[in-house]
2 protein chains.
Amino acid sequence: MLYFAGLGIEQSLTLKSVFAMKKCEKIYYETYTSPVINEAVQKELFEQFGASRVELVKRTFVEDGRKILETASHADTALICSGDPMIATTHQELRTRAIKGGIATTIIHGSSIITAVGGEFGLHSYNFGRMVTMTREPMQYTAYNTIFNNLLKDLHSTVLLEWDEASDFFLDPNSAVKSLLESEKDLKQEVFDPDSLVLIASRVGTDSSKLSALTFHDLEIADLGKPPHILVIPGKLHFTELEALSAILGRNAGTFRDNSAKISRISQRMVTKYSTKTIKALARAKDAAAHSEHKINFVDIFENVECYTRDAERFLNEGKEELAVLSIGYAEGLLDSLRFGGQLEFEW
Amino acid sequence: MLYFAGLGIEQSLTLKSVFAMKKCEKIYYETYTSPVINEAVQKELFEQFGASRVELVKRTFVEDGRKILETASHADTALICSGDPMIATTHQELRTRAIKGGIATTIIHGSSIITAVGGEFGLHSYNFGRMVTMTREPMQYTAYNTIFNNLLKDLHSTVLLEWDEASDFFLDPNSAVKSLLESEKDLKQEVFDPDSLVLIASRVGTDSSKLSALTFHDLEIADLGKPPHILVIPGKLHFTELEALSAILGRNAGTFRDNSAKISRISQRMVTKYSTKTIKALARAKDAAAHSEHKINFVDIFENVECYTRDAERFLNEGKEELAVLSIGYAEGLLDSLRFGGQLEFEW
């Protein structure tokens with residue numbers, strides 16, 4: 001049997017997992033998926049299971065995995081880690097290899113920062129969209145677009161920050177928001193600005209845990225102390241979330257900006273802009289038609305231009321965005337045909 | 001101090017939380033957020049902390065909360081629950097009230113099925129979209145649309161099922177998928193059919209836990225045993241996810257359908273349908289124009305209709321959906337203007 005056991009974010013085994021571990025011939029304790037290096041945990045493991053049975057291992061050892069699988073093939077073995085064991089893809093891969101090799105596996109789940117962070121800030125778990133990891137690389141467009149898509153639906157985004165044990169590198173929150181503002185310059189969807197709100201949970205599960213809520217501008221120059229940190233870019237806050245967040249951080253509810261409020265879809269911006277333009281162009285076309293000698297039923301065309309423009313605005317209000325865009329495009333086409341064909345001259 | 005301590009999905013306290021609980025004058029153990037009624041847990045709590053200090057409580061007691069807050073105002077007190085304590089909104093509300101009343105709070109997180117379920121099936125946590133809860137009510141359109149939106153982005157959806165302790169009701173997975181198929185009849189977005197794939201995790205964290213992968217059709221008549229169950233509607237499976245899922249369930253990777261493959265956006269369907277129609281109508285308009293006596297620059301109009309139709313298809317391929325819809329609408333409008341004005345007669 002190969003156990004994958006999580007220490008949770010509090011770095012502590014459950015009574016049940018201690019019971020299971022006691023049967024294990026070998027306990028591998030991996031330290032690379034979390035920057036919480038906890039000597040107390042190590043000591044506790046040694047005390048519980050005996051120093052000879054516990055071995056601290058690094059990423060390469062788990063990725064290679066042969067020693068672990070070999071041990072598990074003839075004796076109960078455990079791989080212990082921070083958080084929930086199956087969040088790390090290296091653990092998932094090792095489990096797949098074990099099963100394929102005929103080794104039974106058991107997961108002993110631990111609490112994960114992914115679930116915990118929402119609760120820390122008083123946010124509802126069902127108001128979170130897809131989560132994203134940010135790295136030190138420039139052009140974090142995936143993160144930008146993931147958060148953008150979440151904000152469009154009023155959802156919160158959990159942002160994990162790159163951690164590399166080998167080089168002891170942890171992406172600091174300051175660089176992360178700076179990178180999002182850089183992406184804003186390139187992608188120009190008006191998602192982020194220096195007043196955007198970000199929540200930062202630092203060292204959750206440890207004695208020095210700290211929760212902060214800052215604007216991007218303020219975070220850029222803030223000192224949040226040692227890692228780990230995790231970010232939440234909140235979307236629209238439900239009033240119970242706002243109440244909880246205010247109580248937790250001891251701040252007035254009015255000081256938390258709604259990041260979703262000013263976010264708009266491309267379709268919304270298109271319809272709003274083009275309907276105004278079409279109505280103006282229609283007025284000019286009508287003037288031009290008054291002096292035209294073409295035997296064309298301008299009245300019918302103009303009526304349709306007006307109807308479809310109004311339809312576009314109505315569809316937009318009803319959330320039927322595709323129909324809204326189709327209608328405004330159609331209205332523009334109806335009108336522009338008169339220019340292309342030389343029947344009328346007017347400006348847009 | 002008021003502790004909110006999670007037993008995780010394995011219903012077991014961590015060593016750290018046992019240490020904290022030992023200082024508590026009163027330990028409230030609530031049983032309404034999970035249908036795992038575990039006498040072993042109860043026994044363990046009594047043994048660890050003494051039967052006189054542990055009190056089993058129901059939803060109304062926690063919602064009322066006054067007794068808990070009153071106790072916590074003068075002595076260390078704990079509220080113990082299944083899973084992660086802050087997933088339940090009643091716990092969040094109680095915490096907000098405690099903080100407002102000047103009572104310090106500490107969360108001791110536990111593992112949650114929300115994070116665990118992905119790992120059980122070998123799925124990556126960052127491939128999950130927004131999660132959703134389904135209830136026994138008809139017309140589960142929110143669930144339908146949430147899963148639809150996730151599938152459009154190739155993402156997996158976690159589906160929590162209604163549990164009501166008072167009436168001992170747990171929504172069974174069979175009814176849940178039936179309800180999604182009913183919604184399909186109403187909303188007609190071609191998201192679900194009887195061959196849709198659903199993953200079901202039953203009783204995770206207990207000795208009788210079971211993982212299944214079934215089509216909606218097969219699930220409707222399957223017997224999954226006692227609750228709790230949780231569903232995952234997978235989107236596109238990454239090859240490592242497919243490999244893990246195959247190994248875990250002992251099935252050939254080819255037997256898992258890609259639920260995202262046939263999902264298409266409204267905009268995609270619009271552009272595909274209307275571009276074909278426009279090209280056909282254009283041919284008829286050209287025929288009609290050959291016999292027209294109107295002094296109109298038909299050539300320019302027709303050229304533009306063709307260009308904008310091709311643009312629409314190109315934009316669609318580039319993922320610029322709004323521009324694609326705008327372009328096809330515009331092309332249609334250019335052509336239709338000739339009919340409204342009486343310059344040409346042709347059919348669509």
Side-chain angles (χ1 to χ4, degrees), chain A residues 6 8-10 12-16 84 86-87 89 92 96 99-100 107-112 114-116 119-120 122 124-126 128-133 155 240 243-244 247-248 266-267 270 296-298 300-301 304 322 325-327 329-334 336-338 340-343, chain B residues 6 8-10 12-16 84 86-87 89 92-93 96 99-100 107-112 114-116 119-120 122 124-126 128-133 155 243-244 247-248 266-267 270 296-298 300-301 304 322 325-327 329-334 336-338 340-343:
Chain A
I9 51 175
E10 273 115 13
S12 182
L13 288 170
T14 62
L15 298 174
K16 268 200 186 173
D84 186 278
M86 285 301 135
I87 297 301
T89 46
Q92 286 204 351
T96 303
I99 296 171
K100 282 186 169 177
I107 308 165
I108 302 178
H109 293 281
S111 65
S112 168
I114 296 168
T115 317
E120 287 287 323
H124 303 318
S125 50
Y126 50 82
F128 280 77
R130 185 183 199 175
M131 72 172 194
V132 70
T133 299
L155 300 175
T240 54
E243 201 184 349
I248 292 162
I266 298 170
S267 52
M270 262 184 184
I296 288 172
N297 188 349
F298 288 115
D300 264 18
I301 297 175
N304 274 285
E322 297 85 355
V325 174
L326 190 73
S327 297
Y330 185 75
E332 286 190 304
L334 286 177
D336 247 2
S337 190
L338 296 172
F340 284 124
Q343 301 99 304
Chain B
I9 52 174
E10 273 115 11
S12 182
L13 287 169
T14 61
L15 299 174
K16 267 200 185 171
D84 187 278
M86 286 300 136
I87 298 302
T89 46
Q92 286 204 352
E93 283 161 21
T96 304
I99 296 171
K100 282 185 170 178
I107 308 166
I108 302 178
H109 292 281
S111 64
S112 168
I114 295 168
T115 317
E120 286 287 324
H124 303 318
S125 50
Y126 49 83
F128 279 78
R130 186 184 198 175
M131 73 173 192
V132 70
T133 299
L155 300 176
E243 202 184 348
I248 292 163
I266 298 170
S267 52
M270 260 184 185
I296 288 172
N297 188 349
F298 289 115
D300 264 18
I301 296 175
N304 273 286
E322 297 86 356
V325 174
L326 190 72
S327 297
Y330 186 75
E332 286 190 305
L334 286 178
D336 248 2
S337 189
L338 296 172
F340 285 124
Q343 301 99 306

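To find a chain, count down the sequence lines: A is the first, B the second, and so on, and within it residues start at 1.
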Report summary line: Residue from A:T133, A:T240, A:D300, A:I108 scoring the most non-hydrogen pairs under 4.5 Å with chain B is A:I108
Report task. Name the region of B:N304, side chain, backbone, both or neither, that has any atom closer than 4.5 Å to a heavy atom of chain A. Result -> side chain
Requested in this report: Could you pull out all residues at least two apart from A:F340 that satisfy ring pair (Phe, Tyr, Trp, His ring centres under 6.0 Å)?
Outcome: none
Query raised in the report: Among B:L13, B:I87, B:D84, which residue forms the greatest number of heavy-atom pairs with chain A at distances under 4.5 Å?
Result: B:L13
Query raised in the report: For the candidates B:K100, B:E93, B:E120, which exhibits the highest count of non-hydrogen atom pairs separated by less than 4.5 Å from chain A?
Result: B:E120
Query raised in the report: How far apart are the C-alpha atoms of B:I114 and A:I114, what are their side-chain angles, what is the distance that settles it, and do they pass the side-chain contact (heavy atoms from CB on, under 4.5 Å) test?
Result: CA-CA 9 Å; B:I114 295 168; A:I114 296 168; over 6 Å; no
Report summary line: When the 4.5 angstrom heavy-atom criterion is applied to A:F128 and chain B, the contacting part is backbone
Report task. Measure distances from A:Q343 to the heavy atoms of chain B and classify the residue's part below 4.5 Å as side chain, backbone, both or neither. Result -> side chain
Query raised in the report: What part of B:E10 gets closer than 4.5 Å to chain A, counting heavy atoms only: side chain, backbone, both or neither?
Result: both
Query raised in the report: Within the distance-only criterion (no hydrogens, no angle test), does the side chain of B:S112 pair as donor or acceptor with the backbone N or O of A:T115 below 3.5 angstrom?
Result: no
Report summary line: Ranking A:T14, A:T89, A:D336, A:T96 by heavy-atom pairs under 4.5 Å to chain B gives rank one to A:T14
Report summary line: Bottom line for B:I9: the part with an atom under 4.5 Å from chain A's heavy atoms is side chain
Report summary line: In this structure, CE of B:M131 is separated from OH of A:Y126 (nearest 0.5 Å) by 8.5 Å
**Report entry** Which atoms of B:L155 approach chain A - backbone, side chain, both or neither, heavy atom under 4.5 Å
**Finding:** side chain
Query raised in the report: Taking B:G329, B:A244, B:G8 one by one, which has the highest count of heavy-atom pairs under 4.5 Å against chain A?
Result: B:G329
Query raised in the report: When only pairs under 4.5 Å are counted, which of B:G129, B:G6, B:G122 shares the most heavy-atom pairs with chain A?
Result: B:G122
Query - Backbone N/O of A:R130 and side chain of B:R130: donor-acceptor pair under 3.5 Å - result: no
**Report entry** Interface residue of largest heavy-atom contact number with chain A, from B:S125, B:G342, B:S327, B:A331, under 4.5 Å
**Finding:** B:S125
**Report entry** Interface residue of largest heavy-atom contact number with chain A, from B:M86, B:E243, B:H109, under 4.5 Å
**Finding:** B:H109
Query raised in the report: Mind checking what makes side chain to side chain contact (heavy atoms under 4.5 Å, CB included) contact with B:S267, not counting sequence neighbours?
Result: A:E322, B:R265, B:E321, B:V325
**Report entry** Gap between atom CG of A:L334 and atom OG of B:S337 - 0.5 Å precision
**Finding:** 5.5 Å
Report summary line: Turns out that what part of A:I107 lies under 4.5 Å from chain B's heavy atoms comes down to both
